[in-house]
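Reading through the structure tokens given below for one structure.
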Amino acid sequence: MTTPLHALRDAGVAVWLDDLSRQRIVSGGLSDLVARGVVGVTTNPTIFASAVAQGDAYDAQLRTLAADGAAVEEAVLRITTDDVRDACDVLRPVYDATDGLDGRVSIEVDPRLARDTAATLASAETLWSEIERPNLFVKIPATVEGLPAITAALAQGISVNVTLIFSLQRYRAVLDAFLDGMEQAHAAGLDLAPITSVASFFVSRVDAAIDPRLDALGTEEAAALRGTAAIANARLAWGVYQDVVTGERWQALAAAGARPQRPLWASTGVKDPAYPDTRYVDELVVAGTVNTMPEKTLDAVADHGNVRGDTVSGTQDASAALLDRIEALGISVDDVTEQLETEGLQKFEASWAELLGTVEAGIARAADAAEADR
């Protein structure tokens, strides 16, 4: 029987899971999802903080880390890279079957470094060498300071998932950084085919930020525009991508064996329960993209997703008109997306601090238990 997940695949959309835990790996749950059609995994500090805080899957490693006298930063590195390395191995058959296109697992650099180009690049290099899997993506935030790090990482052959993209202007800069990196890699004589990249364009958070502003206006026109901004913004991003892949710079790279930086729809879980729970999947179907979903959204799509073919191509004019109407009401989309980037970094930094605290407490408990056993 063809499921909506299969329909997404047939429409050219790669289905990825936005979650990972050791329990999911060791239980076979991740393998089961791969069998259902999941072809990639994304992670972030929030996901790891939640994973370590729940259950006992990390207890044995925490005991080892305590015995080794590992500092908390080193412990977090070992825990997260072990999980991602193992997940890469689970997804490796997909990577091989798709000639390296999918079967990817993403891990993010320390989010506290997002405003420091050199430190971000160093973190990316560390993760790439520690995990040492060809199907790894290192996630680098699309801050102004992150853009040169993206270029430098790609230039040395590190595959990159560019994250926290909210605005069309920043997305254009991300595509430029990608082209720069691939051109430098080509000039250095690297094989371009294994160096791949995705650009994570965030969706639902845009509606979550703009809808309250529309509500505050209290007009019929404002009410009619609720829930339109995020999808319109993403559809316009697809138009930006199309402009680049039809351009001379990309065509030269493609002739040299490079693969395009696929748009990845991120933040596709619905924040407003008034909206259909598959909204940010059904309305962003177009070949050559990735949609990474939390498990709740993935299950909803598998159960009742309304996959009806391409819902993006040819929508750019209407999408621009929608955003123009929102701007005409006095709501600056640029201001909103800038605020969302700042808030996104703050949330990831808070999750990173939570992860550090959880691991530190776990090591302390393990050390106390070992002492009591002596």
Side-chain angles (χ1 to χ4, degrees), residues 4 8 13-19 40-47 50 106 108 139 141-142 161-168 170-171 198-215 222-238 240 262-286 289-307 311-312 315 319 322-323 326 331-348 350-351:
L8 281 174
V13 178
V15 174
W16 291 10
L17 173 71
D18 190 32
D19 191 42
V41 170
T42 50
T43 69
N44 59 47
T46 302
I47 286 170
S50 176
S106 298
E108 188 161 342
K139 292 176 80 173
N161 176 344
V162 184
T163 189
L164 284 178
I165 308 170
F166 295 97
S167 74
L168 299 176
R170 186 58 54 81
Y171 182 41
V198 293
S200 295
F201 198 89
F202 279 51
V203 185
S204 67
R205 293 189 195 181
V206 174
D207 278 342
I210 288 181
D211 281 355
R213 291 168 168 80
L214 291 168
D215 293 341
L225 289 169
R226 288 188 92 258
T228 64
I231 292 169
N233 198 43
R235 287 172 172 174
L236 286 172
W238 174 253
V240 171
R262 286 185 294 173
L264 180 153
W265 310 127
S267 180
T268 55
V270 171
K271 305 288 192 290
D272 187 335
Y275 299 147
D277 54 3
T278 63
R279 176 183 184 87
Y280 300 113
V281 179
D282 299 340
E283 302 302 326
L284 292 173
V285 175
V286 61
T289 57
V290 179
N291 197 308
T292 185
M293 313 173 203
E295 187 170 22
K296 183 179 179 181
T297 303
L298 181 73
D299 288 343
V301 171
D303 180 66
H304 52 267
N306 181 21
V307 182
T311 52
V312 176
T315 63
S319 296
L322 279 170
L323 293 190
I326 291 171
I331 299 171
S332 169
V333 176
D334 286 344
D335 287 351
V336 168
T337 54
E338 184 177 349
Q339 176 186 333
L340 286 170
E341 178 183 298
T342 300
E343 291 176 351
L345 289 172
Q346 290 171 345
K347 289 175 182 177
F348 278 174
S351 295

Sequence neighbours excluded, the answer for salt bridge (Lys or Arg N to Asp or Glu O under 4.0 Å) partners of Asp277 is none
Closest contact, heavy atoms only, Ala229 versus Ile210: CB-CD1, 3.6 Å
Option among Asn306, Val281, Val15, Val307 that satisfies the side chain to side chain contact (heavy atoms under 4.5 Å, CB included) test with Pro4: Val307
The criterion is ring-ring contact (aromatic ring centres under 6.0 Å, His included); which residues satisfy it with Phe202, sequence neighbours excluded? Phe166
Between Tyr171 and Ala199, the two heavy atoms sitting closest are CE1-CB, 3.7 Å
For the residue pair Arg205 and Leu164, establish whether any side-chain heavy-atom pair is separated by less than 4.5 Å. yes
With Tyr280 via side chain to side chain donor-acceptor pair (under 3.5 Å) - residues at least two apart: Asp207
By side chain to side chain contact (heavy atoms under 4.5 Å, CB included), Ser332 pairs with (sequence neighbours left out) Glu327, Asp334, Asp335
Ser319: side chain to side chain contact (heavy atoms under 4.5 Å, CB included) partners, not counting sequence neighbours: Ala232, Arg235, Leu236, Thr315
Name all residues meeting the side chain to side chain donor-acceptor pair (under 3.5 Å) criterion together with Gln339; count only those two or more places apart in sequence or in a different chain, and write none if there are none. Arg213, Glu343
Val240 vs Phe201, side-chain contact (heavy atoms from CB on, under 4.5 Å): CA-CA, chis, key distance, verdict: CA-CA 12 Å; Val240 171; Phe201 198 89; over 6 Å; no
Scanning both residues in full, the closest heavy-atom pair of Thr337 with Ser167 reads OG1-CB, 3.5 Å
Between Thr43 and Ser106, is there a donor-acceptor pair closer than 3.5 Å when you use the side chain of the first and the backbone of the second? yes
Looking at residues at least two apart in the chain, or sitting in another chain, which of them share a side chain to side chain contact (heavy atoms under 4.5 Å, CB included) with Asp299? Arg36, Glu295
For residues Thr228 and Ile326, determine if any side-chain heavy atom of one lies less than 4.5 Å from a side-chain heavy atom of the other. yes
Side chain to side chain donor-acceptor pair (under 3.5 Å) partners for Asp303, two or more places apart: none
Beyond-backbone contact of Pro294 with Asp19, side-chain heavy atoms, under 4.5 angstrom: no
How many angstroms lie between atom CG of Asn233 and atom CG of Leu168, to the nearest 0.5 angstrom? 5.0 Å
Closest non-hydrogen atom pair between Thr297 and Gly269, with its separation: OG1-CA, 3.3 Å
Quick one: side chain to side chain contact (heavy atoms under 4.5 Å, CB included) partners of Thr278, sequence neighbours excluded? Asp282, Ala300, Val301, His304
In Å and rounded to the nearest 0.5 Å, what is the OG to CE distance from Ser267 to Met293? 13.0 Å
Roughly how far apart are Asp18 CG and Asn44 CG, rounded to 0.5 Å? 6.0 Å
Checking the side chain of Arg262 only, and the main-chain atoms of Ala14 only, is there a donor and an acceptor separated by less than 3.5 Å? no
Within the 4.5 Å heavy-atom criterion, are Leu284 and Thr289 side-chain neighbours or not? no
Among Ile231, Val203, Val285, the one residue meeting side chain to side chain contact (heavy atoms under 4.5 Å, CB included) with Trp265: Val203
Please round to the nearest 0.5 Å and tell me the distance separating atom NZ of Lys139 and atom OG1 of Thr42. 5.0 Å
Between Pro45 and Ser351, the two heavy atoms sitting closest are C-CB, 3.8 Å
Can you name the residues that form a salt bridge (Lys or Arg N to Asp or Glu O under 4.0 Å) with Arg226, not counting sequence neighbours? Asp211, Asp215, Asp272
Side chain to side chain donor-acceptor pair (under 3.5 Å) filter on Asn291, not counting sequence neighbours, yields Thr268
Measure across Ser204 and Lys271 and return the closest heavy-atom pair with its distance rounded to 0.1 Å. OG-NZ, 2.8 Å
